[in-house]
Structure formats: structure tokens, C-alpha cells
Amino acid sequence: MVENVSEEESKKSLNFIESMVEEDLKEGKNGGRIQTRFPPEPNGYLHIGHAKAICMDFGIAQKYGGICNLRFDDTNPVKEDVEYVDSIKEDIQWLGFQWKNVYYASDYFQRIYDLAIKFIKDGKAYVDEQSAEEIAKQKGTPTTPGTESPFRNRPIEENLLLFEKMSKGEIEDGKMVLRAKIDMTSPNMHFRDPIMYRIITTHPHHRTGTNWKVYPMYDFAHGQSDYFEGVTHSLCTLEFEVHRPLYDWFIDQFATDDYRPRQREFNRLNITYTVMSKRKMLQLVQEGLVRGWDDPRMPTICGLRRRGYTPSSIRNFINKIGYTKYDGVIDVSLLESSIKEEFNATANRVCAVIDPIKLIITNYPEGQTEMLTTINNPENENSESHDMPFSRELYIEREDFMEDAPKKYFRMTPGNEVRLKSAYIVNCTGCKKDADGNVIEVYAEYDSQTKSGLPESNRKVKGTIHWVNVATALPAEIRLYDRLFNVENPGDEKDRDFREMLNPDSLKVVNGFVEPWLKDVKPFDHFQFQRIGYFNVDPDAKDGKLVFNRTVPLKDSWAKELKKG
RNA sequence: UGUCUCAUGGUGUAAUGGUAGCACAACAGUUUUUGGUUCUGUUUGUCGAGGUUCGAAUCCUCGUGAGACAACCA
């Protein structure tokens with residue numbers, strides 16, 4: 001058995017990163033050592049795109065007996081905050097991964113600074129006094145070469161002196177930067193004398209306070225940190241591909257041995273009907289267009305968690321979509337199928353009515369209540385059961401009754417037989433309407449011989465509907481979520497503000513009823529509301545108030561049939 | 001008119017010179033005390049043109065299309 005599993009495992013084709021790692025292992029690189037890192041910047045909440053990177057970084061370490069460290073890339077105090085450090089840690093662990101060590105790029109500020117001094121002394125870095133605009137202008141464009149700064153060739157001693165003044169806080173923010181002296185005509189823009197250090201005195205750093213007045217840029221911090229830590233495989237997303245030559249170049253300038261961390265890039269995750277940019281998410285949160293980072297419509301890890309997704313469903317999803325160098329867009333239905341697959345096997349079935357209308361069983365004795373048994377999960381052969389009270393007055397779904405029904409309508413319609421789930425077969429006899437013609441009550445007669453479990457209950461009946469007992473039903477707030485945007489790829493439409501594309505119906509709140517078995521549920525408990533969808537308990541549920549989120553609806557063949565007309 | 005990268009059904013992903021397969025989606029049927037699930041089947045694909053080869057999705061050449069790069073962001 002175990003053998004079969006591992007055999008199957010090895011049969012599964014490797015992605016290109018795994019192939020590279022295995023190749024390196026085979027060649028004996030780094031003495032067979034594997035070390036990765038997950039390097040978030042603490043400036044926002046993690047989203048499902050990060051989950052893909054997390055599964056890669058931690059997954060490679062796990063699979064090849066290596067280690068993965070968590071390293072915060074905290075080189076820009078203007079944007080970063082401890083709030084994010086904590087949430088990032090929580091989300092990684094919730095996903096089911098554990099880092100070996102927690103590091104911070106800020107741990108290396110002194111070493112990186114010393115390196116900068118070395119670059120100056122080696123004549124490979126200079127202090128530029130031009131404005132950001134001037135520097136940008138001289139950079140050229142991807143198709144035209146740049147021009148050299150007038151400060152490019154100042155003497156080493158002068159550079160040393162100015163850089164010291166910069167780092168002592170004697171120079172105002174923005175007045176000077178330290179630049180690498182490489183090649184202003186390089187076809188790779190990143191080689192056109194990239195900025196290594198800038199002055200930031202106006203924002204204290206969330207860990208080092210005001211100790212530092214100068215901070216290294218990403219390109220002069222990331223690879224260095226990898227090198228210091230002994231990272232063997234520095235895995236990141238495709239947009240860093242152009243940085244790789246510079247990543248290598250910087251390390252080559254100071255490395256004293258043969259060891260080199262190896263950067264490789266894979267495609268980032270895009271999903272239809274959502275945005276995956278931290279900037280846009282921040283905007284949605286700050287402008288109140290969603291209820292917060294953990295709004296169940298957000299693609300954040302905490303949003304998905306609140307929506308009802310489980311760590312395993314997210315990991316399975318990531319596993320299914322794979323890693324390549326092709327930048328595509330994943331259909332959100334693939335994400336949804338991963339949670340449906342899991343919950344179909346694990347979620348307890350319950351009755352909940354989200355758009356209630358009263359059903360009166362006219363021949364059922366008034367004042368009588370009986371307990372009926374229903375299985376928790378028919379997909380699980382070891383499933384237990386629970387009881388549901390039944391009496392003369394029930395709630396059913398408004399859409400489960402139609403006065404004039406098309407022939408393929410198998411639900412409650414006058415003269416038609418329908419089964420009440422786990423209860424009786426009933427025959428619809430009519431309804432009552434208000435002055436405006438709205439149906440306000442539905443009537444039916446039950447057949448006492450058809451109680452579930454009795455031989456007569458095996459009669460073939462086309463339709464089965466769910467119900468709750470009026471007297472004992474628990475009121476519940478039910479939040480129905482739909483896609484946040486109504487266009488497939490909001491990020492693609494460059495000339496429209498993404499906020500115009502928000503789906504106005506992405507959240508509908510309704511008041512419904514659930515069966516009394518759900519009296520003591522806790523936040524994040526999840527269920528299948530029979531015939532409707534998978535729901536979980538929102539943390540807003542407290543003090544006896546029930547609040548459910550719809551994680552994902554069940555497939556609805558009837559709705560599809562109706563659409564066909 | 002630069003550099004780098006990519007291109008397999010509607011979407012994503014396999015096939016590592018040897019039968020183009022899988023998942024999701026869609027469609028049809030089956031089963032069903034959930035119009036869910038299950039099971040069965042169907043539709044749809046190697047960007048184009050040359051070349052190498054007994055044999056090309058795979059290797060080569062030339063096109064075409066797409067993405068990334070011009071922050072004192074990461």
C-alpha cells in the first residue's frame with residue numbers, strides 16, 4: 001500500500017523547478033543541501049497568489065529534505081508595519097507550513113552597509129546628487145541607451161565621505177543616493193547604474209527604529225540576504241526574471257567562495273473575476289468597498305478562510321494548477337471545485353431555508369411534533385445521524401413551489417407529489433395569496449405510511465425538497481457571496497478603473513432558518529445546506545446569533561435548464 | 001523598434017524524438033430520499049511556414065502573437 005503511494009508519487013511528473021532541483025542534487029551541488037525561503041514584504045496581507053509561492057518554497061524544502069526559512073524583506077519602512085508581520089505568520093501556519101527560522105532583511109542592515117562601503121572602495125559605487133527625475137531621465141528607455149551621471153566618476157574618498165554623511169542623517173531625504181557603477185548602455189535596464197541605497201529619515205523602521213537613515217534597495221538586499229543565509233534555491237515569480245543577471249552580478253562582486261544561491265522564476269497566479277494586486281486590494285479595503293482584508297470576497301488567505309475554504313482545499317488547488325513559465329489566468333471554477341470535492345466528502349448535511357415560505361400539512365394533527373432521523377453525510381459510510389423535529393407547519397424554499405409549473409418541474413405544485421427530505425411524501429393541494437397575488441402559504445397533505453424508513457417511503461417520487469419546522473427553526477443571517485468583479489480579468493482592462501468593474505451583487509444578505517441541530521455551532525464550522533451549497537459559520541456569529549457564509553453553491557442543473565429557456 | 005521570457009482543447013497542465021493524456025468547464029445519458037454526488041460517454045487542442053529525422057508538441061531556422069523590464073517599491 002505504502003509502496004503504491006510512493007510509486008504513484010514518483011510517477012507524477014515533476015514541474016520544471018523540481019527537475020532543476022533534482023538535477024542539482026544529482027550533480028552534488030551544495031553538498032546535497034536544499035534551502036529555500038519565503039520572502040514576503042510586510043506591507044499587506046497574504047493572498048492566494050502567495051499561497052502558490054508558499055507551497056513552492058516550503059514544498060521544495062519538504063520534498064527534498066531541506067529547510068525553508070521565513071524572511072521578511074523589510075527594506076522599506078515607508079510601507080511596512082508589524083501588523084502585517086503577524087498576519088503573515090498566522091496565514092502561513094494556517095496553510096499548514098512551518099518555517100525553520102524567521103529572519104528579517106533588516107537583520108543584515110549592517111552587513112549590507114559594509115558591503116556598500118566595499119563597493120565604493122572597489123570603485124563600483126558612487127554617490128549621485130541628482131534628483132529622482134534627472135536620474136530617471138538619464139536612464140533612457142528599453143530601446144534607447146542611458147547617459148552617465150555627472151557624478152559618476154567622483155573620487156572614491158569623496159564617495160566614502162558623502163555616503164557617511166548620508167548614513168548619519170546629515171543629508172535630506174531624496175537629495176542623494178548610492179548607485180552601482182555598471183553600464184548605462186546595457187540592454188538590461190537594471191544594469192544602468194541601479195540605485196543601491198536611498199535616504200529615509202521620515203519613517204522609523206518597524207524593527208530598527210531610527211537607527212538607520214539609509215536603506216538598501218531590493219536588488220542590493222535580496223540576493224545578499226540569500227547569500228548570507230545559505231539559500232540554495234531562490235524561487236520567485238516571473239517578473240523578477242530581468243533582475244536575475246543583476247542578482248548574480250552583485251553576488252559575484254563580493255562572494256569569496258564558489259557557493260551561489262540560484263534564482264529561478266515561475267508564473268504567478270491569476271484567477272478570473274478577481275484582482276491579485278496588493279495595491280488594489282489595499283484600495284478596496286481603505287475605501288470600504290469590502291469589509292476588510294478578511295472579507296470573504298477577497299482573494300486573501302484570511303478572506304478565503306472566512307469564506308470557508310480549508311488549508312487542504314487551497315493546497316490541492318495549488319497542486320492542480322502547477323508551476324510553469326506561462327502567464328495565464330486560472331478559471332475560478334477550478335478553485336471552487338477543490339472545496340466542493342473536499343466538502344462533498346466531509347461536510348455534514350443540514351436543512352436550511354434561505355427564502356422561506358410557510359407550508360402547512362393540513363391533515364397532520366395540530367399540536368403534534370415528532371422527531372425524524374436524518375443521516376449526517378450519505379457520502380461517508382461511517383456517518384452518524386441526527387434528529388429533526390417535524391410538525392404541521394414548516395418552512396420550505398419559496399422557489400420550491402410554483403402554482404403553474406412547467407412539466408419538468410419536480411417540486412411542489414398543486415396535484416403533484418413531492419418528498420420532504422427524511423420525512424414524508426406529501427401531495428400539494430394549493431396555496432393562499434395576499435391581495436397582491438403573492439403566495440403566502442402553501443398547502444399539502446401527507447401520507448402517514450410514507451415516513452422515511454417505512455416500506456411505503458420507497459415509492460418513486462420525482463422531487464425531494466428540504467424543509468425546517470416552524471416552531472423550532474433557528475433564525476439565521478445568511479450571506480450569499482458571488483464574484484467580486486463582473487469581468488473575467490479586471491486587471492486586463494487598462495483604460496477602465498477597476499472599481500467600475502465591481503459586481504454590485506457580490507454580497508446578498510438574507511434572513512433564513514436552519515434546523516435546531518445547529519444551535520451550538522462555532523465560527524468556521526462548515527455544513528452543506530442541502531440542495532443549496534456549502535456554508536460556514538462566520539465569526540460574527542455570537543451570543544446566540546447565527547451567521548453563515550456561503551462558501552460555494554452546489555451545482556444547480558435545474559437553474560441551468562431554466563436558463564436554456 | 002532593445003533585452004529577457006513564453007505559446008498544447010473554453011481554462012490550466014502532462015507527454016523529456018515513438019499511440020497527444022489528465023483536471024476543471026460544457027454537453028448527453030445513468031444512478032440517486034440533495035435537480036447534489038456517482039458512473040458512462042461526447043465535443044473541443046500542439047500559433048504559422050520551412051527544415052532535420054524512419055518518426056517532431058518536443059530539435060533547428062524564419063515568422064506571428066503575448067507578457068515582463070524605463071519606482072529613491074518589492
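Order of the sequence lines sets the chain letters (A, B, ...), proteins ahead of strands, with each chain counted from 1.
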Report the distance from atom [atom1] of [X] to atom [atom2] of [N], rounded to the nearest whole Å.
X	N	atom1	atom2	value
Arg419(A)	U32(B)	CZ	C1'	11 Å
Arg244(A)	U3(B)	CZ	P	17 Å
Glu342(A)	U37(B)	CD	P	16 Å
Gln263(A)	C4(B)	CD	C1'	13 Å
Lys325(A)	U5(B)	NZ	C1'	6 Å
Gln530(A)	U32(B)	CD	C1'	12 Å

Report which part of the nucleic acid [X] touches: base, sugar-phosphate, or nothing (heavy-atom distance under 4.0 Å, all strands).
X	result
Arg349(A)	base
Val78(A)	nothing
Thr143(A)	base
Thr464(A)	sugar-phosphate
Gly453(A)	base
Arg411(A)	base
Glu336(A)	nothing
Lys278(A)	nothing
Ser337(A)	sugar-phosphate
Pro378(A)	base
Tyr409(A)	base
Lys137(A)	nothing

**Prompt:** Between Ser557(A) and Val329(A), which is nearer to the 5' end of RNA chain B once each is assigned its nearest nucleotide?
**Reply:** Val329(A)
**Fill in**
Assert: residue with more 5' nearest nucleotide on RNA chain B, out of Asn15(A) and Thr450(A), is Asn15(A)
Roughly how many Å apart are [M] and [N], using the [atom1] atom of each and rounding to a whole number?
N	M	atom1	result
A15(B)	A20(B)	C1'	7 Å
U16(B)	C59(B)	C1'	12 Å
U5(B)	G9(B)	C1'	24 Å
U34(B)	G21(B)	C1'	33 Å
U13(B)	A25(B)	C1'	14 Å
C27(B)	G65(B)	C1'	31 Å
U46(B)	A14(B)	C1'	12 Å
U30(B)	G35(B)	C1'	14 Å

Do [X] and [Y] touch side chain to side chain, with heavy atoms closer than 4.5 Å?
X	Y	answer
Pro389(A)	Met371(A)	yes
Met276(A)	Arg268(A)	no
Met176(A)	Phe163(A)	no

Please name the nucleotide paired to [N] by Watson-Crick or G-U wobble geometry with both distances under 3.5 Å, or report none.
N	answer
G36(B)	none
C22(B)	G12(B)
U3(B)	A68(B)
G41(B)	C27(B)
U61(B)	A49(B)

Residue-phosphate contact under 4.0 Å: [X] side-chain N/O, [N] OP1/OP2:
X	N	result
Lys340(A)	C24(B)	no
Thr324(A)	U13(B)	yes
Thr144(A)	G2(B)	no
Lys555(A)	U37(B)	yes

**Request:** Determine the interplanar angle of the Tyr197(A) and Tyr113(A) rings, folded into 0 to 90°, and report it as parallel if under 30°, tilted if 30 to 60°, perpendicular if over 60°.
**Result:**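 Correct class here is perpendicular.
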**Message:** Parallel, tilted or perpendicular: which one describes the rings of Tyr104(A) and Phe72(A), with boundaries at 30° and 60°?
**Reply:**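 Rings of Tyr104(A) and Phe72(A): parallel, as their planes differ by under 30°.
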**Request:** Provide the closest heavy-atom pair for Thr274(A) versus Pro299(A) in the form atom of the first, atom of the second, distance.
**Result:** OG1-CG, 3.5 Å
**Prompt:** For the residue pair Ala444(A) and Met412(A), what are the closest heavy atoms and their distance?
**Reply:** CB-SD, 4.4 Å
**Request:** State plainly whether the residues Glu417(A) and Arg459(A) are in salt-bridge range, i.e. N to O under 4.0 Å.
**Result:** yes
**Message:** What's the closest nucleotide to the side chain of Phe410(A) if the choices are G35(B), U33(B), U34(B)?
**Reply:** G35(B)
**Nearest to side-chain heavy atoms of Leu334(A), which nucleotide of U34(B), U37(B), C24(B)** =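 Within the option list, the nearest is C24(B).
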**Asked** So is Lys340(A) actually on top of Tyr534(A)'s ring, under 6.0 Å and inside 45° of the axis?
**Response**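 Here Lys340(A) fails the 6.0 Å and 45° test against Tyr534(A).
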**Request:** Confirm from the modelled atom types if Gln528(A) and U34(B) form a donor-acceptor pair under 3.5 Å, side chain to base only.
**Result:** yes
**Message:** Could you go through Val329(A) and Glu488(A), starting from their C-alpha distance and side-chain angles, then the distance that decides it, and tell me whether this counts as side-chain contact (heavy atoms from CB on, under 4.5 Å)?
**Reply:** CA-CA 9 Å; Val329(A) 186; Glu488(A) 266 210 4; over 6 Å; no
**Request:** For a salt bridge (charged side-chain N to carboxylate O under 4.0 Å, His left out) with Glu129(A), tell me which candidate from Arg179(A), Arg154(A), Arg152(A) qualifies.
**Result:** Arg154(A)
**Item:** Aromatic stack Tyr326(A)/A7(B): centroid gap under 5.5 Å, interplanar angle under 30°
**Value:** no
Would you tabulate the nitrogen or oxygen pairs shorter than 3.5 Å linking the protein to nucleotides 66-73 of chain B?
residue : atom : partner   : partner atom : Å
C69(B)  : O2'  : His190(A) : NE2          : 3.0
C72(B)  : N3   : Gly174(A) : O            : 3.3
C72(B)  : N4   : Gln130(A) : O            : 3.1
C72(B)  : N4   : Ala132(A) : N            : 3.4
C72(B)  : N4   : Gly174(A) : O            : 2.8
C73(B)  : OP2  : Arg198(A) : NE           : 3.1
C73(B)  : OP2  : Arg198(A) : NH2          : 2.9
C73(B)  : O3'  : Arg198(A) : NH2          : 3.2
C73(B)  : O2'  : Asn76(A)  : ND2          : 3.2

